[in-house]
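Numbering of residues begins at 1 and proceeds along the displayed sequence. These figures come from a predicted structure and were not determined experimentally. Scope of the values below: all heavy atoms of this structure, side chains included, with no hydrogens, waters or symmetry mates.
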Amino acid sequence: QVQLVESGGGLVQAGGSLRLSCAASRSIFSFNAMGWYRQGPGNNRVLVAHITDEGSTNYAGSVKGRFIISRDTAKNTIYLQMNSLIPEDTAVYYCAASSDSLAGYDYWGQGTQVTVSS
């Protein structure tokens with residue numbers, strides 16, 4: 001069984017920053033990729049950023065240049081540094097992991113709320 005635990009959400013003013021953490025119960029190298037999704041009010045859950053087992057990263061266009069995904073392999077943890085936050089970033093953010101490239105993301109955290117006020 002795999003457990004992913006997110007932390008770091010909260011309420012911030014527009015222009016501020018937050019750093020989300022996702023601690024995995026096993027080595028992140030055991031996953032094909034890990035990523036961050038978000039789901040805002042009335043919206044579908046969408047992929048924000050992901051990082052592969054090789055360290056390659058990819059970002060949604062809406063966050064490119066503002067968010068950075070990173071990892072600490074010794075701590076089995078990935079991070080999402082969110083800068084220059086805008087109200088449209090308000091959402092529940094979910095950590096996800098993929099055990100197989102053909103299966104998509106098959107492990108999920110509980111989610112952490114991020115609210116950005118104007």
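For the residue pair Ser101 and Asn32, no side-chain donor N or O sits within less than 3.5 Å of a side-chain acceptor on the partner. Asn76 and Ser27 share no side-chain donor-acceptor pair at under 3.5 Å.
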Please report the C-alpha distance between Ser21 and Lys75 in whole Å, then the side-chain angles of each, then the deciding distance to 0.1 Å, and finally whether the side-chain contact (heavy atoms from CB on, under 4.5 Å) criterion is met.
CA-CA 11 Å; Ser21 299; Lys75 295 180 178 179; over 6 Å; no
Do Leu80 and Ile68 pass the side-chain contact (heavy atoms from CB on, under 4.5 Å) test, and can you show the C-alpha distance, the side-chain angles, and the key distance before you say yes or no?
CA-CA 6 Å; Leu80 186 67; Ile68 301 172; over 6 Å; no
side-chain contact (heavy atoms from CB on, under 4.5 Å) for Met82 and Leu20? Distances and angles first, verdict last.
CA-CA 8 Å; Met82 304 185 294; Leu20 306 183; 3.7 Å; yes
Using the side-chain contact (heavy atoms from CB on, under 4.5 Å) rule, take Phe31 and Arg26 through it: C-alpha gap first, then chi angles, then the decisive distance, then the call.
CA-CA 9 Å; Phe31 303 112; Arg26 71 187 197 197; 3.6 Å; yes
Would Thr90 and Glu88 satisfy side chain to side chain donor-acceptor pair (under 3.5 Å), going step by step from the backbone distance to the final call?
CA-CA 5 Å; Thr90 295; Glu88 289 76 15; over 6 Å; no
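A heavy-atom distance below 4.5 Å is found between the side chains of Asp89 and Arg38.
Here the closest non-hydrogen pair linking Ala14 and Pro87 is CB-CD, 4.2 Å. When all heavy atoms of Ser17 and Gln81 are compared, the closest pair comes out as CB-NE2, 3.9 Å. When all heavy atoms are compared, the tightest approach of Tyr93 to Glu6 is O-OE2, 3.9 Å. Nearest heavy-atom pair, Ile28 versus Ala24, reported as atom, atom and distance to 0.1 Å: CG2-CB, 4.4 Å.
Between the OG1 atom of Thr77 and the CE atom of Met34 there is a distance of 8.0 Å, given to the nearest 0.5 Å. The CG atom of Leu18 sits 9.5 Å away from atom OG1 of Thr115, with the distance rounded to the nearest 0.5 Å. The distance from the CD atom of Glu54 to the CZ atom of Phe29 is 10.0 Å, given to the nearest 0.5 Å. Atom CZ of Arg66 and atom CG of Asn83 lie 9.0 Å apart (nearest 0.5 Å). For the atom pair SG of Cys95 and OH of Tyr105, the computed distance is 9.5 Å after rounding to the nearest 0.5 Å. Distance OH/Tyr94 to CZ/Arg45: 4.5 Å, rounded to 0.5 Å.
Criterion: ILVMFWY side-chain heavy atoms under 4.5 Å apart, direct or through other members. Under it, Val92 and Leu85 are not part of a common hydrophobic cluster. Follow the hydrophobic side-chain contacts under 4.5 Å out from Val5 and you never reach Val114; the two are in separate clusters. Clustering ILVMFWY residues whenever any of their side-chain heavy atoms sit less than 4.5 angstrom apart, transitively, puts Tyr59 in the very cluster that holds Val116. Under the 4.5 Å side-chain heavy-atom criterion for grouping Ile, Leu, Val, Met, Phe, Trp and Tyr, Tyr79 is not connected to Val48 through any hydrophobic cluster. Leu4 and Leu47 end up in different hydrophobic clusters when Ile, Leu, Val, Met, Phe, Trp and Tyr side chains are linked at under 4.5 Å.
One N or O on the side chain of Arg71 and one on the backbone of Thr52 form a donor-acceptor pair closer than 3.5 Å. The backbone N or O of Gly104 lies less than 3.5 Å from a partner atom in the side chain of Ser98, making a donor-acceptor pair.
Taking the six-membered ring for Trp and the full ring otherwise, the centers of Tyr37 and Trp108 sit less than 6.0 Å from each other.
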